[in-house]
Number of protein chains: 2
Amino acid sequence: MKTNKLCIMRLSKYKSALYRLKSLGFVRIFSDNLADAVEVTSSQVRKDFSIFDISGNKRGGYKIDELIEKINTILGKDELQKVVIIGVGKLGSALMHYPGFEKEGIKIVAAFDIDALKFKHKEKTPVLPLEELPEFVRKNNIKIGIITVPATSAQQVVEIMLSAGIKGVLNFAPIQLRGNDDCQINNVNLEVELENLIYFVNVLIKTKGK
Amino acid sequence: MKTNKLCIMRLSKYKSALYRLKSLGFVRIFSDNLADAVEVTSSQVRKDFSIFDISGNKRGGYKIDELIEKINTILGKDELQKVVIIGVGKLGSALMHYPGFEKEGIKIVAAFDIDALKFKHKEKTPVLPLEELPEFVRKNNIKIGIITVPATSAQQVVEIMLSAGIKGVLNFAPIQLRGNDDCQINNVNLEVELENLIYFVNVLIKTKGK
DNA sequence: TTACTTTTGTGATAATATTCACAATATATA
DNA sequence: TATATATTGTGAATATTATCACAAAAGTAA
């Protein structure tokens, strides 16, 4: 079985498209339909599925419900995923209440900061002092954390998370953080995303000009 | 010259690392140092540079200032980039004031929404009614827009943006939007990012268990 | 100046990812 | 039931991307 990051990303996207197709009343779909929805080829879809031994019916396509369930199992979404956020600035607060997470069985259970003005011990999703992170992580068996602190404190926060036993980090601080054998770090860099878009828009405009 | 999205992403990352290295007092760097900072191989760095005819000195490495300037030129960052945001929810507001953009010569010049309660005509970064978008885009020569509306209205918003003449869209709505020859659409899907992390954390935990 | 060392720049090579193309087969139709 | 048709599943072929490895150049030291 040969997996890679892009392939897993596509699985997520297939699933998201499947929910949509389901809500439109579809019960079965073909690799063609999914391919359209996610902008890949149909053989890509089938190849991805074959990697995970997902099979459909020749001529009958795939049953959406089964497909969603299988993909969820592969993605490890059988149980509720508890996640913490470190850094309660504007972006952190936005992600704290991001509706897309809850919908996907992902629950932000607490946030942490160093600014006492931000602490909210009694809220449904509390904001706690950063020094309480290790205890909280251990007590609640948290594996995943989101970093939304400034670049300058990101490395420091990672160390704290690592020693608290966090296994996965989604980092929004605009600095490339390094994982290790015990902890996977994925970086989402908003500037980089926007710069990338700007580049391709410029290319587009230039080639159109010709 | 053979470019691709990942290569451009890396250019952005190199630049960001270069700023950091510069602030630490470095004046010149080697492909090795950059490779470390961005977690790629040094030949990857040199290959990326050679694609864009960026050259250094054998044995002397690259001058940081020149490198930053060249990368900025490639990325089309010679002039201030004016960007609009559509959708002033929590995420939209967070991005409106995201400090990383301004630092990179990217300026959010206005935001748009359909909720009259959110309108702020007199702020430095105004929040305007969505129907004013086309006029605003034309008058201010806006090329780039960020979508932070719910998935259900994203497609509709894209149509408006396309007909207003927007050339590039960074879409945060959790639905894959399709660009065309006149408009590049890049999708950033936060659920997908988090699901991806969850998958790899599970893999990590399983393989560790062995 | 000469020998030695370090680092670039890049063609050749290897690894990875995607698409092609078609046999196998399930369903629909007559 | 027999025939036609649509769709999967996958090995082979292709395309893309990254790494290797080393000659050439530039700095350093003697």
Round to a whole Å and report the spacing from [atom1] of [X] to [atom2] of [N].
X       : N      : atom1 : atom2 : result
A:Leu67 : D:dG9  : CG    : C1'   : 15 Å
A:Ile51 : C:dT19 : CD1   : C1'   : 14 Å
A:Asn57 : C:dA26 : CG    : C1'   : 7 Å
A:Lys63 : C:dA26 : NZ    : C1'   : 13 Å
B:Lys5  : D:dT17 : NZ    : P     : 13 Å

Which residues pass the salt bridge (charged side-chain N to carboxylate O under 4.0 Å, His left out) test with [X], not counting sequence neighbours?
X        : result
B:Lys77  : A:Glu195, B:Glu104
B:Glu132 : none
A:Asp182 : B:Lys208
B:Asp36  : none

Ignoring backbone atoms, establish whether A:Asn4 has a side-chain N or O less than 4.0 Å from OP1 or OP2 of C:dT16. no
Using a cut-off of less than 4.0 Å, is there contact between a side-chain N or O of B:Tyr62 and OP1 or OP2 of D:dA26? no
Sub-4.0 Å heavy-atom contacts from residues 23-50 of chain B onto DNA chain C, ordered by number: B:Phe30, B:Ser31, B:Arg46, B:Lys47, B:Ser50
Below 4.0 angstrom, which residues in residues 9-20 of chain B have at least one non-hydrogen atom near DNA chain C? none
With rounding to the nearest 0.5 angstrom, report the CZ to CD1 distance, A:Arg10 to A:Ile8.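 Reported to 0.5 Å precision, the distance equals 9.5 Å.
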Ring pair (Phe, Tyr, Trp, His ring centres under 6.0 Å) involving A:Phe49 - partner list, sequence neighbours excluded: A:Tyr14, A:Tyr62
Just jot down the ring pair (Phe, Tyr, Trp, His ring centres under 6.0 Å) partners of A:Tyr19, sequence neighbours excluded, or say none.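 A:Tyr19: no ring pair (Phe, Tyr, Trp, His ring centres under 6.0 Å) contacts found.
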Counting only pairs under 3.5 Å, give me each side-chain donor-acceptor contact of residues 21-30 of chain B, with atom names and distances, residues two or more places apart or in other chains.
{"from": "B:Lys22", "atom 1": "NZ", "to": "B:Asp65", "atom 2": "OD1", "distance (Å)": "2.9"}
{"from": "B:Ser23", "atom 1": "OG", "to": "B:Arg20", "atom 2": "O", "distance (Å)": "2.7"}
{"from": "B:Arg28", "atom 1": "NH1", "to": "B:Gly60", "atom 2": "O", "distance (Å)": "2.5"}

Side chain to side chain donor-acceptor pair (under 3.5 Å) partners for A:Gln155, two or more places apart: A:Glu159
Side chain to side chain donor-acceptor pair (under 3.5 Å) filter on B:Gln81, not counting sequence neighbours, yields none
Please tabulate the protein-to-nucleotide N/O contacts below 3.5 Å involving nucleotides 3-5 of chain D, giving atom names and distances.
{"from": "D:dT5", "atom 1": "O2", "to": "A:Arg59", "atom 2": "NH1", "distance (Å)": "2.0"}

Any donor-acceptor N or O pair under 3.5 Å, side chains A:Lys15, A:Asn72: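 Yes, A:Asn72 and A:Lys15 have a side-chain donor paired with an acceptor closer than 3.5 Å.
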